[in-house]
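Quick one: this structure, given as structure tokens, is what I'll be asking you about.
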Amino acid sequence: MTFQSFSDGVTDRTVPHLHDPIARYAQTSPERPAVITGERTWTYRQLDGWITSIEHRLLGIGCAPETVIAIEAPKTVNTVALLWAVWRIGGIACPLNTRHPAERLLTQSRRVGADLLVAHSENVVTQALNESMRAVALDSLSAEPGETPALGEASEMRPTHLPLDARATGVFTSGSTGRPKIAVHTLGNHVYSARGSAENIPLGLGDTWLASLPLYHVGGLAILFRTALAGAAIAMPNPEASFSQAVIDFRPTHVSMVATQLRRLLDAPTESNVMGSVSAALIGGSAIPAEFLDRAVSYGWPVHTSYGSTEMSSQITTTPPAADRKTLATSGFLLPHRELEIREGAIYVRGRTLFAGYATNAGATGELDDARTTGGWFATGDLGYLDDNGRLCVTGRADRLIISGGENIQPEEIEKELERLEGVRRAAVVGVPDEEFGRRPVAFVRWDSGADRRDLVPELRGVLPGYKIPDAIHVMPDSAVAQRMKVDYEVLEAAARKLR
Ligand SMILES: O=C(O)CCC(=O)c1ccccc1C(=O)O
């Protein structure tokens, strides 16, 4: 049994309140940019005033501490202002995936126990009202006040201390299979996540973090907290703009991206110096194929690889600035305010960034399923180890492990090798029942357009032991691939059985 534990070294007593960072910067550096869009810049003073006006509208329609507010809203400055207003009144914001159809949005609003649905789409508001749900249009609620209040006026109206142990968000986890769970975070979870992040990736006055991830994912929300705590600015790209265009337009100092965005950036017909303004590119969400990492490193891009989860309020481990190639191949070092332990090859975590629990049928305010084992540890479901230097190496998901003839096969390892081969855009490996071995791996690949579609088995033989060579390699059906190249393994398991 491996047993290694890192403490965050924090010995101070829990600070129960946070001085609202936007109100604070509105006082101390009112003219500093808080949000930048293609059209204009909002200063901390202007954003603070805007938040205050939304706060009053929310209070005016009966919202109070612990009110659950489901939000269907695009990634815009209005949504940022709305979110901070919800946190100011002590509400619980549940941002919904805007790609879902209206029916699903209403179901999700019910699941979080929403007292109010704020929706960008008129159709969603109408349908909600038809089903006697309380709903209001984003535009009417978060319209910018006609006149921005004079300096200091806004923040003096209410106490601006936010309780860190209050529930602040309910986020739908993007599990690869099954019904998404609702992870409920406290405000303190997000705040300590941001503080630990800042100790590894410096962020300060004058910096700009591109809001390149959806606000309904924890990685998008984390950008709000990191920038607000640092007095930095968020750049809100036009929803139609590509990632590379947004980087060119805003010249941000910081970006967050998933592997697909990194790949698009590498493939974009721009020069390698597109990242010239960027001092930190945080890459998370999944493992990054070695080939992309190599190219990014060869361009000198300041990448940070990371391992995080919704339940841990984004990053858990991250590589430091200017890490060498070997370190970047790992998920990096444990950040402050988190603890990590490996038990029998499985990754357990706890600490100040660990969420409050999953919402049960009682919604985001009710009793939570706190999902912890003894000692407050949370099983991430991921497998991995800490290397001799204390860097985390993630090897795969526990629930995807294929046991074949008594041997453990981590499908992610085969996927990684397949994706390294010329012309393979995406690979997915699933286990299928087998009389002789119990289970055997079967692979699916998605080819690049114009790729030489060939038998890949001989190439795999050079890099994998025989028992890890898939019994078959099929072309991935379109029905198994969702947005962002996310694969539905359940669809593939069914397909693999049929194809046998
Ligand atoms: O894996 C997860 O669910 C969290 C991923 C995440 O938050 C993230 C994803 C991509 C880029 C940056 C981040 C981040 O940790 O901020």
message: Looking at Val68, is its backbone amide N or carbonyl O close enough to the side chain of Asp115 to form a donor-acceptor pair, meaning the two atoms are under 3.5 Å apart?
response: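 Answer holds: yes.
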- request: With side-chain hydrogen bond (donor to acceptor under 3.5 Å, both in side chains) as the test, would you mind laying out the steps for Thr52 and Arg88 before giving the verdict?
  value: CA-CA 9 Å; Thr52 305; Arg88 273 197 192 168; 3.1 Å; yes
- prompt: Is there a donor-acceptor pair closer than 3.5 Å between any side-chain N or O of Thr227 and the backbone N or O of Ala233?
  reply: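 No.
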field: Inter-residue atom distance Phe292.CZ - Gln261.CD, 0.5 Å rounding
entry: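 If I round to the nearest 0.5 Å, the distance is 12.5 Å.
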field: Gly357 backbone acceptor or donor facing Asp370 side chain under 3.5 Å
entry: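 No; zero donor-acceptor contacts below 3.5 Å.
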query: Has the side chain of Lys75 got a donor or acceptor atom that lies under 3.5 Å from a matching backbone atom of Ala211?
result: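 Checked: pair present.
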query: Taking all atoms of both residues into account, what is the closest heavy-atom pair of Trp84 and Pro21, and its distance?
result: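 That would be CH2-CG, 4.0 Å.
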query: Trp42 ring centre to Arg40 NZ or CZ under 6.0 Å, with the angle to the axis within 45°?
result: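 Satisfied, under 6.0 Å and within 45°.
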query: Got Arg425 and Met476 here, is their nearest side-chain heavy-atom distance under 4.5 Å?
result: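 The answer is no; the side chains never approach within 4.5 Å.
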query: After noting the C-alpha distance and the side-chain angles of Asn123 and Thr126, does the key distance pass the side-chain hydrogen bond (donor to acceptor under 3.5 Å, both in side chains) rule?
result: CA-CA 5 Å; Asn123 172 38; Thr126 313; 5.7 Å; no
message: Under the criterion side-chain contact (heavy atoms from CB on, under 4.5 Å), I'd like the reasoning laid out for Ser29 against Tyr44: C-alpha separation, chi angles, the key distance, then a yes or no.
response: CA-CA 7 Å; Ser29 14; Tyr44 269 93; over 6 Å; no
field: Minimal non-hydrogen separation, Pro289 against Ala287, with atom names
entry: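 Scanning both residues completely, I find the closest heavy atoms to be CD-O, 3.8 Å.
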- prompt: Looking only at heavy atoms, which two atoms of Thr37 and Phe250 are closest? And how far apart?
  reply: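 For Thr37 versus Phe250, the nearest heavy atoms are C-CE2, 3.6 Å.
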query: How long is the span from the CZ atom in Arg391 to the OG1 atom in Thr305, to the nearest 0.5 Å?
result: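 With rounding to 0.5 Å, CZ (Arg391) is 10.0 Å from OG1 (Thr305).
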- request: Dump the intermediate steps for side-chain contact (heavy atoms from CB on, under 4.5 Å) on Gln127 and Met133, then the final yes or no.
  value: CA-CA 9 Å; Gln127 285 204 37; Met133 223 183 241; over 6 Å; no
query: Distance-only, no hydrogens or angles: does the Thr253 side chain make a donor-acceptor pair with backbone N or O of Val278 under 3.5 Å?
result: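 Absent.
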message: Which heavy atom of Val124 sits nearest to which heavy atom of Ala102, and what is that distance?
response: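 Residues Val124 and Ala102, closest heavy atoms: CG2-CB, 4.0 Å.
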- request: For side-chain hydrogen bond (donor to acceptor under 3.5 Å, both in side chains), just list the numbers for Ser306 and Thr318, CA-CA rounded to whole Å, side-chain angles, deciding distance to a tenth of an Å, and then say yes or no.
  value: CA-CA 4 Å; Ser306 175; Thr318 302; 3.1 Å; yes
message: Can you tell me if Asn361 has over 12 outside heavy atoms packed within less than 6.0 Å of its CG?
response: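 Count not over threshold, so no.
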task: Kindly determine whether His17 and Leu164 satisfy side-chain contact (heavy atoms from CB on, under 4.5 Å), including the steps that lead there.
output: CA-CA 5 Å; His17 289 88; Leu164 285 183; 5.8 Å; no
- prompt: Hey, what do you get for CZ (Arg338) to OH (Tyr307), rounding to the nearest 0.5 Å?
  reply: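 Nearest 0.5 Å value for the CZ-OH distance: 12.5 Å.
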message: Can a donor-acceptor pair be found, under 3.5 Å and without considering hydrogens, that links the side chain of His254 to the backbone of Pro202?
response: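 It does hold such a pair.
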- prompt: How many angstroms lie between atom CG of Leu96 and atom CZ of Phe172, to the nearest 0.5 angstrom?
  reply: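 It comes to 6.0 Å.
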- request: State whether Arg167 and Glu66 are salt-bridged, where the test is any N-O pair (Lys NZ or Arg NE/NH1/NH2 against Asp/Glu carboxylate O) under 4.0 Å.
  value: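 Here Arg167 does not pair with Glu66 in a salt bridge, since their nearest N and O are not under 4.0 Å apart.
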field: Arg264 and Ser244, any side-chain heavy atoms less than 4.5 Å apart
entry: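 They are not in side-chain contact.
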- prompt: Does the Thr67 side chain pair with the main chain of Ala64, one donor and one acceptor, at a distance under 3.5 Å?
  reply: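 Confirmed, Thr67 side chain pairs with Ala64 backbone.
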field: Any side-chain heavy-atom pair of Phe225 and Leu187 under 4.5 Å
entry: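 In short, these two side chains touch, coming nearer than 4.5 Å.
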- prompt: Any chance NE2 of His120 has more than 12 other-residue heavy atoms, nucleotides or ligands included, within less than 6.0 Å?
  reply: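 Result for NE2/His120: open.
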task: Please step through side-chain hydrogen bond (donor to acceptor under 3.5 Å, both in side chains) for the pair His185 and Thr169, ending with a clear verdict.
output: CA-CA 5 Å; His185 303 97; Thr169 55; 2.9 Å; yes
field: Salt-bridge contact Asp369-Lys181 (side-chain N to carboxylate O under 4.0 Å)
entry: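 Not counted as a salt bridge, because no side-chain N and carboxylate O are separated by less than 4.0 Å.
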query: Hey, are Glu341 and Arg350 close enough for a salt bridge, meaning a charged N less than 4.0 Å from a carboxylate O?
result: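 No, no charged N to carboxylate O under 4.0 Å.
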- prompt: Would a 4.5 Å heavy-atom cut-off, applied to side chains only, mark Glu131 and Arg110 as touching?
  reply: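 Glu131 reaches Arg110 side chain to side chain.
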message: Using side-chain heavy atoms (C-beta onward) and a distance below 4.5 Å, is Thr79 in contact with Pro95?
response: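 Heavy-atom side-chain distance check fails, nothing below 4.5 Å.
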- prompt: If you measure from CD1 on Ile89 to CD1 on Ile69, what distance do you get to the nearest 0.5 Å?
  reply: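 Here the interatomic distance stands at 4.5 Å.
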message: Go through it in stages, so that I can follow the logic: the residues are Ser121 and Val125, the test is side-chain contact (heavy atoms from CB on, under 4.5 Å), and I'd like the CA-CA distance, side-chain angles, deciding distance and then a yes or no.
response: CA-CA 7 Å; Ser121 148; Val125 176; over 6 Å; no
message: Given the ring of Tyr489, does Arg400 sit roughly above its face, with NZ or CZ under 6.0 Å from the centre of the six-membered ring and within 45° of the axis?
response: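 Yes, a cation-pi geometry.
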- prompt: Out of curiosity, Asp48 CG to Asp20 CG, how far, rounded to the nearest 0.5 Å?
  reply: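 One gets 7.0 Å once the value is rounded to the nearest 0.5 Å.
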message: Could you check whether Arg343 makes a cation-pi contact with Tyr348, meaning its NZ or CZ is under 6.0 Å from the centre of the six-membered ring and within 45° of the ring axis?
response: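 Output yes; distance and angle both within limits.
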message: When you compare the side chain of Met257 with that of Leu265, does any pair of heavy atoms fall below 4.5 Å?
response: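 Yes, at least one pair of side-chain atoms sits under 4.5 Å.
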query: Closest approach of Leu117 and Ser109, non-hydrogen atoms and distance?
result: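 Between these two residues, the closest heavy atoms are CD1-OG, 3.6 Å.
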- prompt: When you measure from the side chain of Ser313 to the backbone N and O of Thr353, does any donor-acceptor pair fall under 3.5 Å?
  reply: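 The answer is yes, because a donor-acceptor pair under 3.5 Å joins these two groups.
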- request: Would you mind reporting whether Leu392 and Ile347 have side-chain heavy atoms less than 4.5 Å apart?
  value: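 The answer is yes; the side chains approach within 4.5 Å.
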field: Worked verdict on Arg45 versus Glu31 for salt bridge (Lys or Arg N to Asp or Glu O under 4.0 Å)
entry: CA-CA 6 Å; Arg45 177 177 62 83; Glu31 301 312 317; 3.2 Å; yes
task: Kindly give the heavy-atom pair with the smallest separation between Gly332 and Thr319, and that separation in Å.
output: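 Residues Gly332 and Thr319, closest heavy atoms: CA-CG2, 3.6 Å.
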message: Strictly distance-based, threshold 3.5 Å: is any side-chain N or O of Arg57 a donor or acceptor partner for the main-chain N or O of Leu141?
response: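 Between the backbone of Leu141 and the side chain of Arg57 there is a qualifying donor-acceptor contact (under 3.5 Å).
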field: Counterpart residues, side-chain contact (heavy atoms from CB on, under 4.5 Å), relative to Arg226 (two or more places apart)
entry: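 Arg226 satisfies side-chain contact (heavy atoms from CB on, under 4.5 Å) with Ala194, Ser197, Leu203, Trp209, Ala222, Ile223, Ser256, Leu282, Ser314, Gln315 only.
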message: Measuring only between side-chain heavy atoms, which start at C-beta, is Glu240 closer than 4.5 Å to Gln245?
response: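 Contact flag for Glu240/Gln245 side chains = no.
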query: Are more than 12 heavy atoms from other residues, nucleotides or ligands located less than 6.0 Å from atom CD of Glu367?
result: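 Check fails, neighbour count at 12 or below.
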